[in-house]
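Here's the structure, in structure tokens; my notes come after.
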2 protein chains.
Amino acid sequence: MTATGSDPMRIVHGECVAEMAKLPDKSVDLIFADPPYNLQLGGGLRRPEGSEVDAVDDEWDRFDSFAAYDEFSRSWLGEARRILKDTGSLWVIGSYHNIFRVGATLQDLGYWILNDIIWRKTNPMPNFKGTRFTNAHETLIWCAKSEQARYRFNYHAMKALNDDLQMRSDWSIPLCTGAEREKLNGRKAHPTQKPEELLYRVLLACSEPGDLVLDPFLGSGTTGAVAKRLGRRFMGIEREETYIGVARSRIERARQVELDALEISRGRRAQPRVPFGALLETGLIRPGTPLWDARRRFEARVRADGSILHGKEAGSIHKIGAQVQNAPSCNGWTFWHMEEAGSLMPLDALRQRYRDQQQTG
Amino acid sequence: MTATGSDPMRIVHGECVAEMAKLPDKSVDLIFADPPYNLQLGGGLRRPEGSEVDAVDDEWDRFDSFAAYDEFSRSWLGEARRILKDTGSLWVIGSYHNIFRVGATLQDLGYWILNDIIWRKTNPMPNFKGTRFTNAHETLIWCAKSEQARYRFNYHAMKALNDDLQMRSDWSIPLCTGAEREKLNGRKAHPTQKPEELLYRVLLACSEPGDLVLDPFLGSGTTGAVAKRLGRRFMGIEREETYIGVARSRIERARQVELDALEISRGRRAQPRVPFGALLETGLIRPGTPLWDARRRFEARVRADGSILHGKEAGSIHKIGAQVQNAPSCNGWTFWHMEEAGSLMPLDALRQRYRDQQQTG
DNA sequence: TGGTTTTATGAATCTTTTA
DNA sequence: CTAAAAGATTCATAAAACC
């Protein structure tokens, strides 16, 4: 049976390069790949309360060096390019550990990058040790087979999916948790299962019903499940037998549905939250500015990092506002005021000014 | 005059590699770089031997220009690494055209990536032809000099700037427009002027007042203007004479905020270490005092040497705290409490009292 | 049954100082 | 140098447990 044979949902147990080598030239419409990230984690990481983080320490994610990882990337990306139709495109997802190397390798092989897409996680794991910024996103690279290639892009479908606004390169999508997360003996079946919402967008943007979609690192089978929902043909390659079983039963359970399935995740039009610090960064308020409450009973001063100082106590506008009133909580935006043209203006007015700026630029 | 000389705001007209070569080893605290990435335009790009890279129009040229760009990256990133202090860090900003190559080169040179940061543009230019997703972000890479290097990161200041939530790796910031945009004869003075909000965050996170900040591709001078506002020393290097003039007048106009407003929030790590025994020596706590955890599940007694006794086990507040919870570690300062006025007060409050005494007394 | 509190957990390159 | 001790550190969400 070939990839273009009678089984529209094919799962293959094997090495991705060897299995791709069996496919004819220019036979695949879309490739989505989630290769190992080369995380190389050290010891166990503990949360502040003492519990241990269940990290990725699998054998398949270990490489001896950057050179070894690059060689691995070249081999699977090279074979992928051969079997990709001229109208097809390739997506790869990764993090800062590997994505820069993958991107450079892509370019070296002649792929033409169309966009880099940011999966902005709405609920990422925090940085428990306070040593870095919360690693709150992953990066996807979308590329065509070459600079000249005429690739498929369903522009209007993407625009419709985004309330008739052109779809941007940053996508806010939650982690895969809850009922969607595949379980095996009550534990997560795969350490890095991707949310279906992410794949839904990719497949809807870059393929048609009946197209052949390939995932060379199948894992828990998200790509296959979404391909089936959207009426695409599919081929998935996976090395680990355990994951083959997980993916097979998952894709079996998936049902082709109407395109309204994503409706729920769209309505994100709330007023964006503004941290007080943003007003300092933009110069709407300056470090050193005195703040008062409406009746000028309390005074505090703004510091460069957005905390405010009252006596010897420093903290957020909310925390210090609550403290001076001896109240359990306080809305600093309405409590604190700054002087403007001789009268007091609540910080909330400044916040509105900031939001206006953000919109108009 | 050296970089550490008398002029705190130094602007140099020249090639960045040649000018960096004049600086001593380990002399710079923070480097922010916005290198050219116009692979197609040739103007910013020269091969190592000096010839100019032609426009890209066939496959051979493309490989040639990628190689030339990588060579260019290696040369300036290598020199930057030499002059960077062991506690310093480097930021580079770019887009999908160049950032993957820069990131791979960074790693090859031994830099250690700490985060990739997404500048999410609130008002990006749309994709007019409807051929791709709106390119709505740029990527910054933040890295330390090596895996082992202990870099500066003002974690608590970043947290304060974000309303007491850990700062994430995606930053929503508008494009630089309006009054902030530098003009020359009524037209924009520089094609890619970065918003000050972006640099404010970078400098506040990774430097201290008085630190030396270097920008090897000065452009319109945003890094210099923010460095001056925040009381950092600065050196900027720029090849184009026109931009030198723009940046010089801009930095001249910038005003430093008051010194005491530059104070930022510090964590407990920044405060002097207090041995528990010191509280006994000063009489803030007495031998024999009973200690409890917050829920009064465990009790221990203070001994004269600063160890505590729980049952038959004696040890430090940390060791015994870990032992009773059956945890791998424990912060005894926050775990143990003593009774005061009928309620429980954490030892941490007592430690603060001790520190206040040391300051005033 | 319903509302509140507690617990579990997610691709993580996750400490610093002293002996 | 290594080993041990001190001690600093978390956000959003869902499920489970508890009133």
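Remark: the separation of the C1' atoms in C/dT9 and D/dT10 is 12 Å, to the nearest Å. On the P atoms, D/dT9 is 25 Å away from C/dG10, given to the nearest whole Å. When the C1' atom is used for both D/dA15 and C/dA11, the distance is 23 Å, rounded to whole Å. With both ends at atom C1', the span from C/dT1 to D/dA17 equals 15 Å, rounded to whole Å.
Applying a 4.0 Å cut-off to non-hydrogen atoms, the residues of residues 179-188 of chain A that approach DNA chain C are A/R181, A/K188, listed by residue number. Within residues 291-302 of chain B, no residue has any heavy atom under 4.0 Å from DNA chain D.
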Distances for protein N or O near nucleotides 17-19 of chain C N or O, under 3.5 Å:
none

Anything under 3.5 Å between a protein N or O and an N or O of nucleotides 9-13 of chain D, put it in a table, one pair a line.
unit_1: D/dT9; atom_1: OP1; unit_2: B/H156; atom_2: NE2; d: 3.0
unit_1: D/dT9; atom_1: O2; unit_2: A/F128; atom_2: O; d: 3.4
unit_1: D/dT10; atom_1: OP1; unit_2: B/Y155; atom_2: OH; d: 2.7
unit_1: D/dT10; atom_1: OP1; unit_2: B/K159; atom_2: NZ; d: 2.7
unit_1: D/dC11; atom_1: OP1; unit_2: B/Q166; atom_2: N; d: 2.8
unit_1: D/dC11; atom_1: O2; unit_2: A/P124; atom_2: O; d: 3.3

Kindly give the atom pairs (protein nitrogen or oxygen, nucleotide nitrogen or oxygen) under 3.5 Å for nucleotides 17-19 of chain D.
none

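Cation-pi geometry between B/R81 and B/Y111 is satisfied (NZ or CZ under 6.0 Å from the ring centre, within 45° of the ring normal). Under the 6.0 Å distance and 45° angle rule, B/R120 does not count as a cation-pi partner of B/W171.
When heavy atoms are screened at a 4.0 angstrom cut-off, A/T192 is found touching base atoms of the nucleic acid. Residue-level contact check: A/P35 touches the bases, meaning some heavy atom is under 4.0 Å from a base atom.
The shortest distance between the side-chain N/O atoms of B/H318 and the OP1/OP2 oxygens of D/dG7 is below 4.0 Å.
Side chain to side chain, B/T139 and B/W119 fail the donor-acceptor criterion of an N or O pair below 3.5 Å.
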*asked:* Give the dot-bracket line for DNA chain D from 5' end to 3' end: parentheses for intra-strand Watson-Crick or G-U pairs under 3.5 Å, square brackets for crossings, | for inter-strand pairing, dots for unpaired.
replied: .|||||....|||||||||
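Per the geometry, CH2 belonging to B/W333 stands 10 Å off C1' belonging to D/dG7, to the nearest Å. If you take CZ of A/R62 and P of C/dA11, they are 18 Å apart, rounded to a whole angstrom.
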